[in-house]
*Asks:* 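There's a structure below that I have some questions on.
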Amino acid sequence: MSLSDHPRAYGTAALITAFVAGIAVTLGFKDLYPDVEKRYQRKKAEARLRRGSLFIPDEPVRLEDHESALASPASSPSNIFEEGWVEGIEGAIGNTPLVLIRSLSAATGCLVLAKAEFLNAAGNSPKDRVALNMIRDAEAQGLLVPFRGDTIYEGTVGSTGISIAALARARGYKAHICMPDDQSVEKVNLLTHLGAVVERVPVQPITSPEHFVNVARRRAKEHTASAETESKGFFADQFESEANWQAHYRGTGPEIWRQTGGRIDAFVSGAGTGGTIAGNARYLKEMKKEDVKIVLADPHGSGLYNRIRHGVMYSPTEREGTRRRQQVDTLVEGIGINRVTANLESGRELIDDAVRVTDEQALKMARWLVEHDGIFAGSSTAVNCVAAVVTAMKLPKGSMVVTVLCDSGTRHLSKFYKQITEMGLEEKTDEMQSDDLLATLGLQDLRRKE
C-alpha cells in the first residue's frame with residue numbers, strides 16, 4: 001500500500017516534511033546571518049578607509065539606553081564599530097575615566113575625583129575635545145575642506161595648539177601655532193614634531209596687534225587673501241568660539257554626571273579660555289541646579305578670582321612696579337587670565353566661588369601627587385587639586401568634589417618642575433614625607449573642628 005492510495009496520509013506527511021525543512025533552513029540562516037552581516041560591515045569599513053574618508057556617513061546601529069534616569073540628551077559622539085575599534089585618533093577622544101585621588105580624599109574626608117583628561121588620545125588634554133569640536137564646526141560651515149591645503153591658525157600657550165596640530169594632520173590640514181615666547185620648550189618641541197609651524201612672539205598685552213592671538217588672526221586673514229593658492233586660512237579663535245564651551249557641555253559634563261551617578265556636589269576647574277568651567281557649569285547646573293557648586297581655581301597673578309568674588313577684574317600684581325611678567329604673573333601655564341572671554345562669560349553667572357592658589361601651593365601639590373598617588377601632572381592640574389581640597393574642606397564630610405587632571409608633567413619639566421627641584425621639594429624632607437596635606441599647603445585654618 002502506497003501513500004498515493006491514502007491522500008490524507010500523503011498530505012500529512014508532506015506537511016511534516018515541509019515543517020522540518022523550514023526549521024532546518026531557519027536554523028541554518030540563523031547561524032549564517034551573523035557571519036554575513038559581519039563581512040558586510042567589514043567591507044563597508046574597508047571601502048571607507050580606501051577612499052580616505054574622515055567621516056562615517058552610515059554608522060552601524062548603536063544600542064542606547066533611553067530609559068536610564070541618568071541618560072544625557074547631549075552625550076559624546078561615538079563611532080565604535082562592531083569589532084570594537086574606532087575610526088581615526090579623534091575616535092579616542094572623550095569618555096575619559098573619573099579617578100578617585102586617594103590621598104586628597106583621605107585628607108579632606110570627601111570623595112575627591114578627577115577627570116583624567118590627559119588620556120584623550122590626540123593632544124592628551126581637555127583641549128582635544130575643544131579642537132575637534134572647532135574643526136568639525138568649521139567643516140560644517142565650509143570654512144575648512146580636507147586635503148585642499150587649508151591651514152588652521154591659533155594663538156595658544158600650548159595645549160590647544162598641540163591638540164590642533166595632531167588633529168589637523170589626522171583630518172587633512174596644516175597647523176600654524178602662534179605662542180608667547182615664555183612658554184616651556186617641551187611644548188614648542190612637541191608642536192614642531194607634530195608638523196606644525198610654530199611662531200613664537202614676544203609677550204604682549206591683548207590690546208597689542210602683536211599679542212599671540214592677534215598675530216594668529218592676522219596670519220589666517222593673510223593666508224585666505226593670498227591669490228597664490230585655493231587653500232584657506234582658518235583662525236580657530238578658542239577664546240571666543242562657542243564651539244569651545246559646547247564641547248564640554250555636550251561631552252565632559254554629561255560624562256561626569258553619568259560617572260558620578262548624579263551625586264556630584266562641586267565641580268572645580270581653572271580657566272584659561274573659560275570653556276571648561278563654563279561648559280560643565282551649564283550642563284551640571286541644568287541637571288542639579290543650585291545643589292552643585294561650581295568653583296573657579298585661579299593661579300597667582302590672574303584677575304578672575306576678584307572678578308568672580310567681587311565683580312572686578314583685578315589682581316594685586318597689576319599694581320605699578322609689582323608685575324614680574326607681562327601676561328599673568330605666575331609659574332602656572334594654561335590657566336589664569338586678566339580679561340573675560342566670551343567662553344567664560346557664557347557661564348560666569350553660574351560660578352559660585354573662586355579659590356586663589358599661590359605658586360608655592362601649586363608646586364607643593366604637584367610634588368604631593370607624585371609622592372602619594374603616582375600622579376605626574378602639569379601645573380594647571382596642581383592648581384585644580386589645591387582648589388579642590390579647599391572646596392572639599394568647606395563642604396560636609398562625604399561630599400563629592402570633581403576636578404580635572406589636565407595634562408602630563410612631561411610638558412612642564414624645564415619650567416614648573418625645574419622650580420620644584422630648585423625648591424628642594426624632591427628631597428626626602430620631613431615636610432614632603434608628612435601625611436598632613438593641609439599643613440603642607442598652609443591650609444591648617446580649614447581643619448574641621450571635631
*Asks:* May I have the step-by-step check of ring pair (Phe, Tyr, Trp, His ring centres under 6.0 Å) for Tyr417 and His412, ending in yes or no?
*Replies:* CA-CA 6 Å; Tyr417 275 91; His412 303 262; 7.3 Å; no
*Asks:* Can you see which heavy atom on Thr96 is nearest to which on Lys115, and at what distance?
*Replies:*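 The answer is O-NZ, 2.6 Å.
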*Asks:* What are the two closest heavy atoms between Ala297 and Ile335, and how far apart are they?
*Replies:*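 It is O-CD1, 4.2 Å.
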*Asks:* Please check if the number of heavy atoms outside Glu230 that lie under 6.0 Å from its CD is greater than 12.
*Replies:*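 Counting other residues, nucleotides and ligands, CD of Glu230 stays at 12 neighbours or fewer.
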*Asks:* Is the closest basic N to carboxylate O distance between Glu222 and Arg219 below 4.0 Å?
*Replies:*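 Looking at Glu222 and Arg219, the cut-off is met.
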*Asks:* Would you say Lys174 has more than 12 foreign heavy atoms packed within less than 6.0 Å of its NZ?
*Replies:*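 12 or below, so no.
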*Asks:* Distance alone, cut at 3.5 Å: any donor-acceptor contact between the side chains of Thr440 and Trp368?
*Replies:*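 Short answer, no.
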*Asks:* Is it true that a side-chain atom of Asn280 and a backbone atom of Gly253 form a donor plus acceptor pair closer than 3.5 Å?
*Replies:*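 It does hold such a pair.
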*Asks:* Is a side-chain donor or acceptor of Ser105 paired with a backbone partner of Val112 at a separation under 3.5 angstrom?
*Replies:*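 Such a contact is found between Ser105 side chain and Val112 backbone.
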*Asks:* Ser399 side chain to Pro396 main-chain N or O, any donor-acceptor pair under 3.5 Å?
*Replies:*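 Yes, the answer is positive, given that a donor and an acceptor are paired below the 3.5 Å cut-off.
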*Asks:* For Leu296, run the side chain to side chain contact (heavy atoms under 4.5 Å, CB included) check against Asp353, Leu344, Leu304 and tell me which one passes.
*Replies:*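 The passing option is Leu304.
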*Asks:* Under a plain distance cut-off of 3.5 Å, with no hydrogens placed, do Arg136 and Asn133 share a side-chain donor-acceptor pair?
*Replies:*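 No.
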*Asks:* Got a donor-acceptor contact below 3.5 angstrom from the His310 side chain to the Val312 backbone?
*Replies:*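 Such a contact is absent between His310 side chain and Val312 backbone.
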*Asks:* Can Gln238 and Thr273 be counted as having a side-chain donor-acceptor contact under 3.5 angstrom?
*Replies:*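 There is no such pair between these side chains.
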*Asks:* Output, in order, the C-alpha distance, side-chain angles, deciding distance and verdict of side-chain contact (heavy atoms from CB on, under 4.5 Å) for Asp181 and Val203.
*Replies:* CA-CA 6 Å; Asp181 59 7; Val203 178; 3.7 Å; yes
*Asks:* Output yes when a side-chain donor or acceptor of Asn343 lies under 3.5 Å from a complementary backbone atom of Phe239, and no otherwise.
*Replies:*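 Present.
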*Asks:* From Arg129 CZ over to Ile93 CD1, what is the distance, rounded to the nearest 0.5 angstrom?
*Replies:*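 That separation rounds to 9.0 Å.
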*Asks:* For Asp352, run the salt bridge (charged side-chain N to carboxylate O under 4.0 Å, His left out) check against Lys293, Lys289, Lys285 and tell me which one passes.
*Replies:*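 Single salt bridge (charged side-chain N to carboxylate O under 4.0 Å, His left out) partner of Asp352 among Lys293, Lys289, Lys285: Lys285.
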*Asks:* Going from CG on Leu395 to OG1 on Thr391, what distance comes out if it is rounded to the nearest 0.5 angstrom?
*Replies:*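 That separation rounds to 7.0 Å.
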*Asks:* Are Arg411 and Ser125 side-chain neighbours, meaning at least one heavy-atom pair lies under 4.5 Å?
*Replies:*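 Side chain of Arg411 against side chain of Ser125, heavy atoms only: contact under 4.5 Å found.
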*Asks:* If you look at every heavy atom in Leu167 and Asp128, which pair is closest and at what distance?
*Replies:*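 Scanning both residues, the minimum pair turns out to be CD1-O, 3.9 Å.
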*Asks:* Between Arg447 and Asp436, is a side-chain contact (heavy atoms from CB on, under 4.5 Å) present by the stated rule, with each step listed?
*Replies:* CA-CA 11 Å; Arg447 289 193 203 282; Asp436 192 339; 2.6 Å; yes
*Asks:* Check whether any side-chain heavy atom of Leu443 sits under 4.5 Å from a side-chain heavy atom of Gln361, and report yes or no.
*Replies:*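 In contact.
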*Asks:* Tell me, do Met134 and Glu154 make a side-chain contact under 4.5 Å, heavy atoms counted?
*Replies:*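 The answer is yes; the side chains approach within 4.5 Å.
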*Asks:* Just by distance, no angles: are the side chains of Tyr173 and Glu139 close enough, under 3.5 Å, to form a donor-acceptor pair?
*Replies:*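 Their side chains do contain a donor-acceptor pair, which is all the 3.5 Å distance test asks for.
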*Asks:* Just so I know, are the side chains of Arg258 and Asn95 near enough to count as touching, which here means a heavy-atom distance under 4.5 Å?
*Replies:*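 Counting from C-beta outward, Arg258 and Asn95 do come under 4.5 Å.
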*Asks:* Okay, side chain of Asn214, backbone of Glu210: is any donor-acceptor separation there less than 3.5 Å?
*Replies:*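 No, the answer is negative, given that no donor and acceptor are paired below the 3.5 Å cut-off.
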*Asks:* Taking all atoms of both residues into account, what is the closest heavy-atom pair of Ser346 and Ala278, and its distance?
*Replies:*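 Reported closest heavy-atom pair: OG-CB, 3.5 Å.
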*Asks:* Under 3.5 Å, side chain of Gln183 to main-chain N/O of Pro180, donor-acceptor pair present?
*Replies:*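 Judged by distance alone, no pair lies under 3.5 Å.
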*Asks:* Distance from Thr156 atom OG1 to Phe212 atom CZ, nearest 0.5 Å?
*Replies:*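 Atom-to-atom, Thr156:OG1 and Phe212:CZ are 7.0 Å apart.
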*Asks:* Supply the atom-to-atom distance Ser159 OG to Lys127 NZ, rounded to the nearest 0.5 angstrom.
*Replies:*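 The distance works out to 7.5 Å.
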*Asks:* Check whether any side-chain heavy atom of Val215 lies under 4.5 Å from a side-chain heavy atom of Tyr153, and answer yes or no.
*Replies:*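 Heavy-atom side-chain distance check fails, nothing below 4.5 Å.
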*Asks:* Compare every heavy atom of Gly270 with every heavy atom of Ile277, then report the nearest pair and how far apart it is.
*Replies:*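 Reported closest heavy-atom pair: CB-O, 4.3 Å.
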*Asks:* Could you check whether atom CZ of Arg102 has more than 12 heavy atoms from other residues, nucleotides or ligands sitting under 6.0 Å from it?
*Replies:*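 No - once you tally the heavy atoms of other residues, nucleotides and ligands closer than 6.0 Å, there are 12 at most.
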*Asks:* Which atom pair, heavy atoms only, marks the closest approach of Asp137 to Ala243?
*Replies:*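 That would be CB-CB, 4.4 Å.
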*Asks:* Using 4.0 Å as the upper bound for N to carboxylate O, is an ion pair formed by Asp150 and Arg171?
*Replies:*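 Here Arg171 does not pair with Asp150 in a salt bridge, since their nearest N and O are not under 4.0 Å apart.
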*Asks:* Determine, for Glu360 against Lys364, whether the closest basic-nitrogen to carboxylate-oxygen distance falls under 4.0 angstrom.
*Replies:*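 Result for this pair is yes, salt bridge flagged.
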*Asks:* Is the side chain of Asn120 donor-acceptor paired with the backbone N or O of Glu117 at a distance under 3.5 Å, no angle test?
*Replies:*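 Yes.
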*Asks:* Would a 4.5 Å heavy-atom cut-off, applied to side chains only, mark Val332 and His300 as touching?
*Replies:*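 Heavy-atom side-chain distance check fails, nothing below 4.5 Å.
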*Asks:* Output, in order, the C-alpha distance, side-chain angles, deciding distance and verdict of side-chain contact (heavy atoms from CB on, under 4.5 Å) for Ile135 and Glu90.
*Replies:* CA-CA 11 Å; Ile135 291 172; Glu90 59 266 50; over 6 Å; no
*Asks:* Quick check for you: to the nearest 0.5 Å, what is the distance between Leu191 atom CG and Arg200 atom CZ?
*Replies:*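 Those atoms lie 10.0 Å apart.
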*Asks:* Between Arg217 and Glu240, is the closest basic N to carboxylate O distance under 4.0 Å?
*Replies:*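 Not counted as a salt bridge, because no side-chain N and carboxylate O are separated by less than 4.0 Å.
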*Asks:* Report yes if the side chains of Asp265 and Lys288 come closer than 4.5 Å at any heavy-atom pair, otherwise no.
*Replies:*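 SC-SC contact between Asp265 and Lys288 confirmed.
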*Asks:* Taking Glu186 for the side chain and Ser414 for the main chain, is one N or O donor matched with an acceptor at less than 3.5 Å?
*Replies:*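 Yes, because the side chain of Glu186 sits within donor-acceptor range (under 3.5 Å) of the backbone of Ser414.
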*Asks:* To the closest 0.5 Å, what do you measure between OG1 (Thr252) and CD (Glu255)?
*Replies:*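 Reported to 0.5 Å precision, the distance equals 6.0 Å.
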*Asks:* Is Glu286 atom CD crowded by more than 12 heavy atoms from other residues, nucleotides or ligands, each under 6.0 Å away?
*Replies:*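 Atom CD in Glu286 is crowded, with more than 12 foreign heavy atoms closer than 6.0 Å.
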*Asks:* Okay, side chain of Arg309, backbone of Val355: is any donor-acceptor separation there less than 3.5 Å?
*Replies:*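 Absent.
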*Asks:* Are Leu369 and Ile101 packed together at the side-chain level, in the sense that at least one heavy-atom pair is separated by less than 4.5 angstrom?
*Replies:*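 The answer is yes; the side chains approach within 4.5 Å.
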*Asks:* Set out, in order, the CA-CA distance, both residues' side-chain angles and the distance that settles side-chain contact (heavy atoms from CB on, under 4.5 Å) for Val188 and Met179, then state yes or no.
*Replies:* CA-CA 9 Å; Val188 178; Met179 63 190 306; 4.0 Å; yes
*Asks:* Would you find more than 12 non-hydrogen atoms of other residues, nucleotides or ligands less than 6.0 Å from Arg263 atom CZ?
*Replies:*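 No, not enclosed.
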*Asks:* Is the closest side-chain donor-acceptor distance between Asp373 and Ser103 under 3.5 Å?
*Replies:*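 Yes, side-chain donor-acceptor contact under 3.5 Å.
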